[in-house]
Amino acid sequence: MRFIDPACSCLHCGAPFGAMVCTECAGVGTDLDRCLAATVFDGPVGRVVRAYKDGGERRLAAEIASIMLAAAVRAQREAPGRYGGLLVRADAVAFVPVTAAAFRRRGFDHMELIARNLSGRSDIPLMDALVKHGASDQREFGRSGRLAEAFGAYEAVLPVRGKRILLIDDVITTGATMSAAAAALKAAGASHVDGLALARVWG
């Protein structure tokens with residue numbers, strides 16, 4: 001696995017290899033206050049994600065949560081100016097939910113299971129705060145298509161007003177999904193939304 005240095009990553013989308021906003025995010029707004037990805041999405045990480053999501057290997061949820069939690073702990077310790085309080089100041093863990101169609105196809109919400117593991121290991125309360133409307137698969141879209149498709153796709157269904165939320169997802173491709181989910185939380189009154197993912201697609 002290629003782990004991303006938290007001192008040299010894009011705060012908007014988690015992309016590696018730069019201590020500033022990356023070229024993909026320059027000029028593009030986001031509702032995430034900060035974003036961290038643990039690894040680059042390639043090699044073994046891709047195989048783990050596919051085995052978990054589409055191969056039914058649910059036991060991998062605990063391992064994925066462990067990798068994400070370790071990355072957040074490292075970021076707080078090694079880059080406190082950028083990621084200070086990522087875990088210790090979070091009021092709740094929320095997750096990017098799947099569509100109803102994906103739930104029917106897989107038989108479970110893969111991020112809910114990871115979120116439950118991460119919440120249990122970190123002692124940060126879990127909030128199943130979001131629902132996703134529509135049934136599109138964003139793997140079909142490029143960056144502009146993902147941004148358009150994600151806009152307005154999420155709704156907060158639990159009270160989050162005034163809360164600092166740690167929002168998690170498995171893979172960030174452009175940051176559009178995380179930003180749209182964060183926008184829904186902010187619209188419902190969340191005071192701060194940080195993003196945490198297992199992997200960032202890059203290169």
Side-chain angles (χ1 to χ4, degrees), residues 1-42 45 64-96 111 114-115 117-127 129-130 143 147 150 156 160-203:
M1 293 185 183
R2 286 197 290 159
F3 290 94
I4 295 173
D5 182 351
C8 297
S9 60
C10 177
L11 284 169
H12 285 191
C13 73
F17 317 129
M20 298 179 289
V21 173
C22 74
T23 54
E24 287 190 359
C25 289
V28 178
T30 179
D31 282 280
L32 285 170
D33 290 281
R34 298 175 295 183
C35 187
L36 175 70
T39 69
V40 176
F41 184 77
D42 63 5
V45 178
I64 293 170
S66 179
I67 293 168
M68 292 170 66
L69 183 59
V73 170
R74 177 192 176 198
Q76 288 184 143
R77 183 182 66 246
E78 297 183 6
R82 310 181 90 228
Y83 292 108
L86 189 72
L87 294 172
V88 298
R89 295 186 64 194
D91 296 310
V93 173
F95 59 92
V96 175
M111 284 314 302
I114 293 171
N117 276 273
L118 195 148
S119 172
R121 290 166 183 255
S122 66
D123 292 325
I124 303 171
L126 174 64
M127 290 187 75
L130 293 166
R143 181 176 178 82
L147 289 167
V160 296
R161 182 165 300 279
K163 293 186 180 295
R164 294 177 64 95
I165 305 295
L166 180 63
L167 176 67
I168 69 167
D169 203 1
D170 57 345
V171 180
I172 297 172
T173 302
T174 64
T177 295
M178 288 279 265
S179 182
L185 292 167
K186 289 281 186 74
S191 63
H192 187 99
V193 181
D194 287 324
L196 173 64
L198 171 66
R200 172 65 159 92
V201 175
W202 192 255

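A donor-acceptor pair under 3.5 Å is formed between the side chain of R34 and the backbone N or O of G84. Using a distance-only test at 3.5 Å, with no hydrogens or angles considered, a donor-acceptor pair links the side chain of S122 to the main chain of L118. The main-chain N or O of S9 is found under 3.5 Å from a side-chain atom of R82 such that the two form a donor-acceptor pair. For the pair R200 (side chain) and C13 (backbone), a donor-acceptor distance under 3.5 Å is present. When atom types are taken as modelled, the side chain of D194 and the backbone of L166 share no donor-acceptor pair closer than 3.5 angstrom.
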Any chance you could lay out the side chain to side chain contact (heavy atoms under 4.5 Å, CB included) test for D33 and K186, step after step, and finish with the verdict? CA-CA 10 Å; D33 290 281; K186 289 281 186 74; 3.1 Å; yes
Where do L196 and M178 land on the side chain to side chain contact (heavy atoms under 4.5 Å, CB included) test, with the steps shown first? CA-CA 9 Å; L196 173 64; M178 288 279 265; 5.7 Å; no
Should I67 and L198 be marked as a side chain to side chain contact (heavy atoms under 4.5 Å, CB included) after you check the CA-CA gap, both sets of side-chain angles, and the distance that decides it? CA-CA 7 Å; I67 293 168; L198 171 66; 3.7 Å; yes
Under the criterion side chain to side chain contact (heavy atoms under 4.5 Å, CB included), I'd like the reasoning laid out for L87 against V73: C-alpha separation, chi angles, the key distance, then a yes or no. CA-CA 7 Å; L87 294 172; V73 170; 3.6 Å; yes
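Considering only residues two or more places apart in sequence or on other chains, A182 meets the side-chain contact (heavy atoms from CB on, under 4.5 Å) condition with D31, L32, L167, V193. Looking at residues two or more places apart in sequence or on another chain, you find a side-chain contact (heavy atoms from CB on, under 4.5 Å) between A115 and V93, F95, L126, I168.
The shortest heavy-atom contact between P125 and S119 is C-OG, 3.8 Å. The two residues A37 and A199 make their nearest non-hydrogen contact at CB-C, 4.0 Å. Heavy atoms only, all atoms of each residue included: I165 and A190 are closest at CG1-CB, 4.1 Å. Of all non-hydrogen atoms in A184 and A156, the two that sit nearest each other are O-CB, 3.9 Å. R74 and P6 make their closest contact through CZ-CD, 3.7 Å (heavy atoms, listed as atom of the first residue, atom of the second, distance).
For the pair M127 and K163, the minimum side-chain heavy-atom distance is below 4.5 Å. Taking 4.5 Å as the limit, every side-chain heavy atom of V45 sits out of range of all side-chain heavy atoms of V40.
Note: L36 CG to Q76 CD = 10.0 Å, rounded to the nearest 0.5 Å. Rounded to the nearest 0.5 angstrom, E78 CD and Y83 OH are separated by 12.5 Å. The structure places CE of M111 at 8.0 Å from CD1 of I64, a figure rounded to the nearest 0.5 Å.
More than 12 heavy atoms of other residues, nucleotides or ligands sit less than 6.0 Å from atom CZ of R121.
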